[in-house]
Amino acid sequence: MKILAIASEGGHWVQLLRLTPAFKDQELSFMSTNPDISATLKDYTYYRVPDANQQTKLKLISCFFHVAWIVFKQRPKAIITTGAAPGLMGIIAGRLIGAKTIWIDSIANAEHISLSGKIAKYFADRVYTQWANLATNKIFYKGNVLS
């Protein structure tokens, strides 16, 4: 199965990489915002997209079009993300092509779901939190990626 894994750099990226063994027999590719990451992913296809966040609203538009172009071109069967903005854009674009979509909110969000996670619950097939106290009927808890 063709899977696209998306995360911003930093903690989002670390958590996404922790999930890689779960997809060992799949056609896995990655997307992120850091141009230097590609050197660490020799066995995988890597797509770099512009970074954007709620403080750089105009960059969100550019980010969406970059992400959407790659999603429409690659047509993955599933998209999984640990956030943030590029992951949300991937979830939205993935829904447009009928891909299964999974959002895993960052473990750093212990008090409340992230803004992107709150939006993702309207687009993603499944939304997960890494904190039991944040689970609802639309946001599931099954443990955490980082222990």
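Positions are given from 1, in the same order as the sequence printed here. In what follows, every heavy atom counts, from backbone to side chain, and hydrogens, waters and symmetry copies are set aside.
Between Phe23 and Ile80 the shortest side-chain heavy-atom distance falls below 4.5 Å. The shortest distance between side-chain heavy atoms of Phe30 and Trp13 falls below 4.5 Å. Put simply, the side chain of Leu4 reaches to within 4.5 Å of the side chain of Met31, judged on heavy atoms. Thr136 places none of its side-chain heavy atoms less than 4.5 Å from the side chain of Leu134. The closest side-chain heavy-atom distance from Gln130 to Gln15 is below 4.5 Å.
The two residues Thr33 and Tyr46 have their closest heavy-atom pair at N-OH, 3.9 Å. The two residues Lys77 and Met1 make their nearest non-hydrogen contact at CB-CG, 3.5 Å. Taking every heavy atom of both residues into account, Pro86 and Ser8 meet most closely at CD-OG, 3.3 Å. The minimum heavy-atom distance between Thr129 and Ala135, with the atom names listed, is CG2-N, 3.8 Å. Looking at every heavy atom in both residues, Trp103 comes nearest to Ser114 through CZ2-OG, 3.9 Å. Closest approach of Glu9 and Ser32 over heavy atoms only: N-OG, 3.7 Å.
Follow the hydrophobic side-chain contacts under 4.5 Å out from Tyr141 and you never reach Ile139; the two are in separate clusters.
Between Ile3 atom CD1 and Gln26 atom CD the span is 4.5 Å, to the nearest 0.5 Å. With rounding to the nearest 0.5 Å, the separation of OG1 in Thr101 from CG in Leu96 is 10.5 Å. We find the CD1-OG1 distance between Ile102 and Thr81 to be 10.5 Å, quoted to the nearest 0.5 Å. From Ile79, atom CD1 reaches atom CD1 of Ile97 across 5.5 Å, with rounding to the nearest 0.5 Å. Taken from CD1 in Ile70 to CZ in Arg75, the straight-line distance is 14.5 Å, to the nearest 0.5 Å. For the atom pair CG of Leu60 and CE of Met89, the computed distance is 4.5 Å after rounding to the nearest 0.5 Å.
Atom NZ of Lys2 is surrounded by more than 12 heavy atoms from other residues, nucleotides or ligands within 6.0 Å. Surrounding CZ of Phe140 are more than 12 heavy atoms belonging to other residues, nucleotides or ligands, all under 6.0 Å away. For CD of Glu111, the number of neighbouring non-hydrogen atoms (other residues, nucleotides, ligands) closer than 6.0 Å is 12 at most. Annotation for Phe65: atom CZ does not count as buried by contact number, only 12 or fewer foreign heavy atoms lying within 6.0 Å.
Between the side chain of Ser116 and the backbone N or O of Leu88, no donor-acceptor pair lies under 3.5 Å.
Applying the side-chain contact (heavy atoms from CB on, under 4.5 Å) test between Thr82 and each of Leu17, Ile107, Ile104, Val14 identifies Ile104 as the sole match.
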